[in-house]
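Structure, as structure tokens:
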Amino acid sequence: MRSSIIRSVESTLRRGRSVVSPSGDHLLRRSFTSAAPLPERKVAILGAAGGIGQPLSLLMKLNPLVSKLALYDIAGTPGVAADVSHINTRAEVAGYMTEDQIGEALEGSDVVIIPAGVPRKPGMTRDDLFNINAGIVKNLCTFIAKYCPNALVNMISNPVNSTVPIASEVFKKAGTYDEKKLFGVTTLDVVRARTFYAGKAKVPVADVNVPVVGGHAGITILPLFSQATPASNVVLSADEITALTKRTQDGGTEVVEAKAGKGSATLSMAYAGALFADACLKGLNGVPDVVECTFVQSSVTELPFFASKVRLGKNGVEEVLRLGSLSDFEKQGLESLKPELKSSIEKGIKFAKEN
Ligand SMILES: NC(=O)c1ccc[n+]([C@@H]2O[C@H](COP(=O)([O-])OP(=O)(O)OC[C@H]3O[C@@H](n4cnc5c(N)ncnc54)[C@H](O)[C@@H]3O)[C@@H](O)[C@H]2O)c1
Ligand SMILES: O=C(O)C[C@H](O)C(=O)O
């Protein structure tokens, strides 16, 4: 017997409503209150045949805000595109492989999501991926500047703390940089913080919100549990907050170790990437009050890039929100993360300038 949730998803899709919401906790929340036709929106995924790329392609095919889905990878895209294209949802799917097809994949894109590059193995830091992924990201961003300079770019490839600055430099060189349109995807940190907090605070996970600020690597990931909602149903000790913070910071490593050499988070990342892309599409479509944490050009601290809550709108970033009040523990965490984040940002900028 078909469950009521499946009937509800189907009827939501028929009405052209959003299936995933940026807060991730109300799967069927409507993105529009009127029955106005949805605008055409093209999404391109670069690295679409990979561990993240495949489930992300599936989730974007399920998103009724997407009218065209372009799947690009250096290998394997025809199979992924053929497979996903059989799903009876709105998005028209096309697969592209090799650089002579990347222009067609990118042209007309509103949002470009980049999960291209190598993942970690146990014992590695995200920065250990720099040597390979910096070149991949730089090359892909050169094509973005050429074929879809106005697209919102969602950078997933690690190390995000460096790949976002690399992208900014490539776009600056090409004369296409718009700081409102470049995002490091840090949604997985928020997804993890929500899950871990709900377990300890004994509150329903679907209701939880926790801002995560800073960057996306180790101690640069700073969850603000003092701002978590709803309030905990049990008193959380300082030790418990420290443990929750550490678990959020080490969430990626927890998965890398559990996968024991077979890569890093792919399924939870695809979910998080789909939430963030959905938020970008809603912003572009004029849905009000779409707020997500993301790593962007920022003046919230003295660092040129920083993750914090950002209001998304028709042009991408509408407003970078301030951090709000922090506990003493979080203030300390903020000061401790700055040197590492600064050096990762500078490393990315230096690479892009010299190569
Ligand atoms: N931001 C985050 O929170 C987050 C979370 C998880 C993983 N990641 C990062 O995402 C990246 C991808 O992870 P994965 O598990 O999907 O890896 P994967 O190896 O499974 O897939 C990567 C894909 O990228 C493709 N690729 C390589 N070079 C390319 C190029 N020049 N153009 C297009 N495609 C190219 C590969 O063919 C492969 O299909 C890694 O760098 C990983 O560290 C980030
Ligand atoms: O940990 C990784 O290497 C992948 C990703 O950044 C994550 O947070 O899961």
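Residue numbers run from 1 in the order of the sequence given. Whatever order the structure lists ligands and atoms in, that order sets their numbers, starting from 1.
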Where does Arg126 meet ligand 1, judged by heavy-atom distances below 4.0 Å: at the side chain, the backbone, both, or neither?
neither
Purely on distance, is any nitrogen or oxygen of Gly117 under 3.5 Å from one on ligand 1?
yes
Between Asp189 and His216, do the side chains contain an N or O donor and an N or O acceptor separated by less than 3.5 Å?
yes
If you have a sec, work out which protein heavy atom is nearest atom 40 (C) of ligand 1 and how many Å separate them, to one decimal?
Val118 O, 3.2 Å
Contact check: Thr253 vs ligand 2, nitrogen or oxygen atoms, below 3.5 angstrom
no
Distance filter under 4.0 Å to Ser264 heavy atoms, resulting ligand 2 atoms:
2 (C), 3 (O), 4 (C)
Are Lys282 and Glu292 close enough for a salt bridge, meaning some N to O gap below 4.0 Å?
no
Anything under 30° is parallel, anything over 60° is perpendicular, the rest tilted; go ahead and classify Phe225 against Tyr197.
parallel
Considering only protein heavy atoms, which is closest to atom 4 (C) of ligand 1, and at what distance to one decimal place?
Met269 SD, 3.4 Å
If you count heavy atoms of other groups shown closer than 6.0 angstrom to CD of Glu319, is the number above 12?
yes
Give a yes or no on this: more than 12 heavy atoms of other residues, nucleotides or ligands lie within 6.0 Å of atom CD of Glu107.
yes
Within less than 4.0 angstrom of ligand 1, does Asp73 place any heavy atom?
yes
Could you tell me whether ligand 1 has any atom less than 4.0 Å away from a heavy atom of Ala265?
yes
Identity and distance of the protein heavy atom lying nearest atom 11 (C) of ligand 1:
Pro115 O, 3.7 Å
More than 12 heavy atoms of other residues, nucleotides or ligands under 6.0 Å from CD of Glu92: yes or no?
no
Heavy-atom distances under 4.0 Å decide this one: backbone, side chain, both or neither, for Leu129 against ligand 2?
neither
For residues Leu152 and Gly316, report the shortest heavy-atom separation together with the two atoms involved.
CD2-CA, 3.8 Å
Residue and atom name of the nearest protein heavy atom (relative to atom 31 (N) of ligand 1), distance in Å to one decimal
Ile136 CG2, 3.7 Å
Do Gln297 and Tyr177 have a side chain donor and acceptor closer than 3.5 Å?
yes
Going by distance only, is there an N or O of Ile52 that falls short of 3.5 Å from an N or O of ligand 1?
yes
Given that the side chain starts at C-beta and the backbone is N, CA, C, O, which of these parts of Val255 lies under 4.0 Å from ligand 2, counting heavy atoms, or is it both or neither?
neither
Report yes if Asn133 has an N/O atom closer than 3.5 Å to an N/O atom of ligand 1; otherwise report no.
yes
Using a heavy-atom cut-off of under 4.0 Å, does the side chain or the backbone of Arg126 touch ligand 2, or both, or neither?
side chain
Leu129: numbered ligand 1 atoms lying under 4.0 Å from its heavy atoms
43 (O)
With side chains defined as the heavy atoms from C-beta onward, is the minimum distance between Phe305 and Ser298 less than 4.5 Å?
no
Per-atom filter on ligand 2: closer than 4.0 angstrom to a heavy atom of Gly252 are 1 (O), 7 (C), 8 (O), 9 (O)
Output yes when Asp289 and Arg311 qualify as a salt bridge under the 4.0 Å nitrogen-oxygen rule, no when they do not.
yes
Residue Tyr72 vicinity, atoms of ligand 1 by number, heavy atom under 4.0 Å:
32 (N), 33 (C)
Could you say whether the N/O atoms of Leu188 and ligand 1 ever approach to under 3.5 Å?
no
Can you report which non-hydrogen protein atom sits closest to atom 44 (C) of ligand 1, along with the distance?
Ile156 O, 3.0 Å
Could you tell me whether Glu302 and Lys338 have a side-chain N and a carboxylate O separated by less than 4.0 Å?
yes
At what distance is the nearest protein heavy atom to atom 6 (O) of ligand 2, and which residue and atom is it?
His216 NE2, 2.5 Å
Within a radius of less than 6.0 Å around CD1 of Ile132, do more than 12 heavy atoms belonging to other residues, nucleotides or ligands occur?
no
Specify side chain, backbone, both or neither for Ala116, according to which of its non-hydrogen atoms lie closer than 4.0 Å to ligand 1.
both
Any nitrogen or oxygen of Asn158, side chain or backbone, less than 3.5 Å from one on ligand 1?
yes
Using distance alone, determine whether Gly51 and ligand 1 share an N or O pair under 3.5 Å.
yes
Using a strict 4.0 Å threshold on nitrogen-to-oxygen distance, state whether Lys173 and Glu169 make a salt bridge.
no
contact_flag Ala49 ligand 1 heavy-atom lt 4.0 Å
yes
Is the shortest side-chain N to carboxylate O distance from Lys342 to Glu346 below 4.0 Å?
yes
Closest by any non-hydrogen atom to atom 19 (O) of ligand 1: pick that one out of Pro119, Gly76, Gly53.
Pro119
For Thr266, take its heavy atoms, then give the atoms of ligand 1 lying under 4.0 Å from any of them.
15 (O)
Heavy-atom proximity to atom 7 (C) of ligand 2 ranks first, among Arg192, Glu257, Met124, Arg120, for Arg192
Separation between CD1 (Ile345) and NZ (Lys350), nearest 0.5 Å, reads 16.0 Å
Strictly below 4.0 Å, N to O, side chains only: are Asp127 and Lys347 in salt-bridge contact?
yes
Salt bridge present between Glu40 and Lys68 (N-O < 4.0 angstrom)
no
Taking only heavy atoms of Ala265, which atoms of ligand 2 are found under 4.0 Å from at least one of them?
9 (O)
So the atoms of ligand 1 within less than 4.0 Å of a heavy atom of Val160 turn out to be 1 (N)
Pair Asp110 + Arg41, salt bridge at N-O below 4.0 Å
yes
Could you identify the single nearest non-hydrogen protein atom to atom 21 (O) of ligand 1 and state the distance to 0.1 Å?
Gly50 CA, 3.3 Å
Please state which protein non-hydrogen atom is closest to atom 30 (C) of ligand 1 and give its distance, to 0.1 Å?
Ile74 CG2, 3.7 Å
